[in-house]
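See below for the structure under consideration.
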Amino acid sequence: MARKVLPGKPYPLGATWDGQGVNFAIFSENATEIELCLFEDVDAIEESERIPMHEVTTHIWHCYLPYMWPGQLYGYRVHGPHDLENGLRFNHHKLVIDPYAKAISGQVKWEAPLFGYTLGDDAMDLSLDEQDSAWGMPKGVVIIPNFDWEGDQAPKTPWNQSVIYEVHVKGFTKTHPDVPPNQRGTYAGLASPVMIDYLKELGVTAVELLPVHDFLNDKHLVDKGLTNYWGYNTTNFFSPDARYSSAGDTGEQVAEFKAMVKSLHRAGIE
């Protein structure tokens, strides 16, 4: 049976679940066609469904899928001109991540044909690579947006009274013996009572987290068996990195991040 596709709305951008279905919206000024790609598994060789998006409002392509639920994996294929002289490099053979995805599942697989051009080609980046990259790309995850903030408010400590502590979520909590083992190296670990007590003993009023949005393990590091510890190579600014979540990359990393913020605020820490 064909899936029902409704027009949906251009706002908000990203994938938004409303309890009955999901609205998808993505901006592209020069695209000629955009396909929403649904996946059953992050390592799937190809998508289980391709859904053409027909509605466009002020360069925002959108659709609404009833009876779709949180946890759905997705990406996009964006068609358009391959007009290099004008800076247009559309290549629908390459799956792209939703820049407004709230959660990301999976990591880039450098052995996949990720580049829009063919490596080793005499034309270099002027060539067009037609190999499918979907199996090597991370996927967006539809999340449950609801969260009980319980009246949470930022402490708003005056600047002249602020003590800001720069901290790496994993490094700060990974080896602490009093943090529960399943929470070490995670957002939940940073929000654990022992860590909050330690911050308060130091007189800290705000934590400034080293990069916690979804980031890339650079190829030259992967080739050496290393990883990007600091996180300065962002793939998605709106997605908390799942590697710092005790819940993994199911989409629950967003709720864990919010719970960390709420716990810190309760302790008077911004």
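When a residue number appears, it is its place in the shown sequence, counting from 1.
Ring geometry for Y100 against F238 counts as parallel: the plane angle stays under 30°, on a 0 to 90° scale with 60° as the upper cut. Ring geometry for F24 against Y74 counts as perpendicular: the plane angle is over 60°, on a 0 to 90° scale with 30° as the lower cut.
Checking side-chain atoms of T186 against main-chain N and O of G189 turns up a donor-acceptor pair under 3.5 Å. Side-chain N or O atoms of D178 include none that pairs as donor or acceptor with a backbone N or O of V194 at under 3.5 Å. With hydrogens and angles disregarded, no donor-acceptor distance shorter than 3.5 Å links the side chain of N86 to the backbone of L88. At least one donor-acceptor pair under 3.5 Å links the side chain of N228 to the backbone N or O of L216. Checked by atom type and distance alone, the side chain of N217 never pairs as donor or acceptor with a backbone atom of V222 at under 3.5 Å. In this structure, the side chain of D132 engages the main chain of A134 through a donor-acceptor pair within 3.5 Å. Without hydrogens or angle criteria, R89 side chain to L126 main chain gives no donor-acceptor distance under 3.5 Å. Although no hydrogens or angles enter the test, the distance criterion places no donor-acceptor pair under 3.5 Å between the side chain of K170 and the main chain of H168. The backbone N or O of Q131 lies less than 3.5 Å from a partner atom in the side chain of K94, making a donor-acceptor pair.
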- Message: Let's go through D152 and F147 carefully: what are the C-alpha distance in whole Å and the side-chain angles of both, what is the deciding distance for side chain to side chain contact (heavy atoms under 4.5 Å, CB included) to 0.1 Å, and is it a yes or a no?
- Response: CA-CA 11 Å; D152 173 76; F147 182 79; over 6 Å; no

- Could you go step by step and tell me if L264 and I196 meet the side chain to side chain contact (heavy atoms under 4.5 Å, CB included) rule? CA-CA 7 Å; L264 289 167; I196 288 178; 4.1 Å; yes

- What's the verdict on side chain to side chain contact (heavy atoms under 4.5 Å, CB included) for I104 and F215, showing C-alpha distance, side-chain angles and the deciding distance? CA-CA 10 Å; I104 296 293; F215 63 86; over 6 Å; no

- Message: One pair to check against side chain to side chain contact (heavy atoms under 4.5 Å, CB included): Y187 and V212. What are the steps and the verdict?
- Response: CA-CA 9 Å; Y187 307 120; V212 290; 4.1 Å; yes

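No more than 12 heavy atoms of other residues, nucleotides or ligands sit less than 6.0 Å from atom NZ of K219. Annotation: Y229, atom OH; neighbour count of heavy atoms from other residues, nucleotides and ligands within 6.0 Å is above 12. Shown here is Y11, whose OH atom has no more than 12 heavy atoms of other residues, nucleotides or ligands within 6.0 Å. At most 12 heavy atoms of other shown residues, nucleotides or ligands fall within 6.0 angstrom of atom CD1 in I45. Atom CD of E111 is surrounded by more than 12 heavy atoms from other residues, nucleotides or ligands within 6.0 Å. Residue D122 qualifies as open at atom CG: its count of foreign heavy atoms under 6.0 Å is 12 or below.
There is a side-chain donor-acceptor pair under 3.5 Å between D214 and T235. With hydrogens and angles left out, the side-chain atoms of T173 and Q183 include no donor and acceptor closer than 3.5 Å.
Listed by first and then second residue, the salt bridge (Lys or Arg N to Asp or Glu O under 4.0 Å) pairs that reach into residues 258-270 are E150-K262, E150-R266, sequence neighbours excluded. The list of salt bridge (Lys or Arg N to Asp or Glu O under 4.0 Å) pairs with a residue in residues 231-246, not counting sequence neighbours, reads D241-R243. Judged as a salt bridge (Lys or Arg N to Asp or Glu O under 4.0 Å), not a single pair has a partner in residues 192-208 (not counting sequence neighbours).
Each of E35, E33, E47 was checked for a side chain to side chain donor-acceptor pair (under 3.5 Å) with R77, and the lone residue meeting it is E47. Remark: of the listed residues V42, I97, L95, N236, I97 is the sole one forming a side-chain contact (heavy atoms from CB on, under 4.5 Å) with P138.
Interatomic distance, I34 CD1 to H62 NE2, rounded to the nearest 0.5 Å: 11.0 Å. Interatomic distance, E55 CD to W61 CH2, rounded to the nearest 0.5 Å: 10.5 Å. In this structure, OG on S239 lies 8.0 Å from CD on Q253, to the nearest 0.5 angstrom. The distance from atom CD1 of I51 to atom CG of L36, rounded to the nearest 0.5 Å, is 5.0 Å. Rounded to the nearest 0.5 Å, atoms CE (M260) and OG (S245) are 10.5 Å apart. Note that CG of N23 is 8.0 Å distant from CG of D18, once rounded to the nearest 0.5 Å.
Here the shortest heavy-atom pairing between G14 and D98 reads CA-OD2, 3.3 Å. Scanning both residues, Y64 and G8, for their nearest heavy atoms gives CB-CA, 3.6 Å. Minimum interatomic distance between D41 and L73 (heavy atoms only, all atoms of both residues): C-CD1, 3.6 Å. Shortest non-hydrogen contact noted between S127 and T118 is OG-N, 3.0 Å. E256 approaches A188 most closely through the heavy-atom pair OE2-N, 3.0 Å. In terms of heavy atoms, N91 sits closest to D129 at ND2-O, 2.8 Å.
Between S133 and H93, the closest side-chain pair of non-hydrogen atoms is not below 4.5 Å. Looking at V167 and L209, their side chains come closer than 4.5 Å, going by heavy atoms from C-beta outward. Between D249 and Q107 the shortest side-chain heavy-atom distance does not fall below 4.5 Å. T205 is not listed as a side-chain neighbour of P155, based on a closest heavy-atom distance of 4.5 Å or more. Looking at heavy atoms from C-beta onward, V204 lies out of side-chain contact with Y198 at the 4.5 angstrom threshold.
For the ring pair (Phe, Tyr, Trp, His ring centres under 6.0 Å) test, residues two or more places apart in sequence or in another chain that qualify with Y117 are F115. Qualifying salt bridge (charged side-chain N to carboxylate O under 4.0 Å, His left out) partners for E40, counting only residues two or more places apart in sequence or in other chains: none. With sequence neighbours left out, I143 forms a side-chain contact (heavy atoms from CB on, under 4.5 Å) with K102, A103, V254.
Residues L13 and M53 do not share a hydrophobic cluster, clusters being chains of Ile/Leu/Val/Met/Phe/Trp/Tyr side chains in contact below 4.5 Å. One hydrophobic cluster holds both L38 and W69 under the rule that ILVMFWY side chains link at heavy-atom gaps under 4.5 Å. When hydrophobic clusters are built by joining Ile, Leu, Val, Met, Phe, Trp and Tyr residues whose side-chain heavy atoms come closer than 4.5 Å, directly or via intermediates, L65 is grouped together with Y76. F237 and I26 are assigned to two separate hydrophobic clusters, defined by single-linkage of ILVMFWY side chains at heavy-atom distances under 4.5 Å. The hydrophobic cluster containing W17 does not contain V141, counting ILVMFWY residues as joined when their side-chain heavy atoms lie under 4.5 angstrom apart, directly or transitively.
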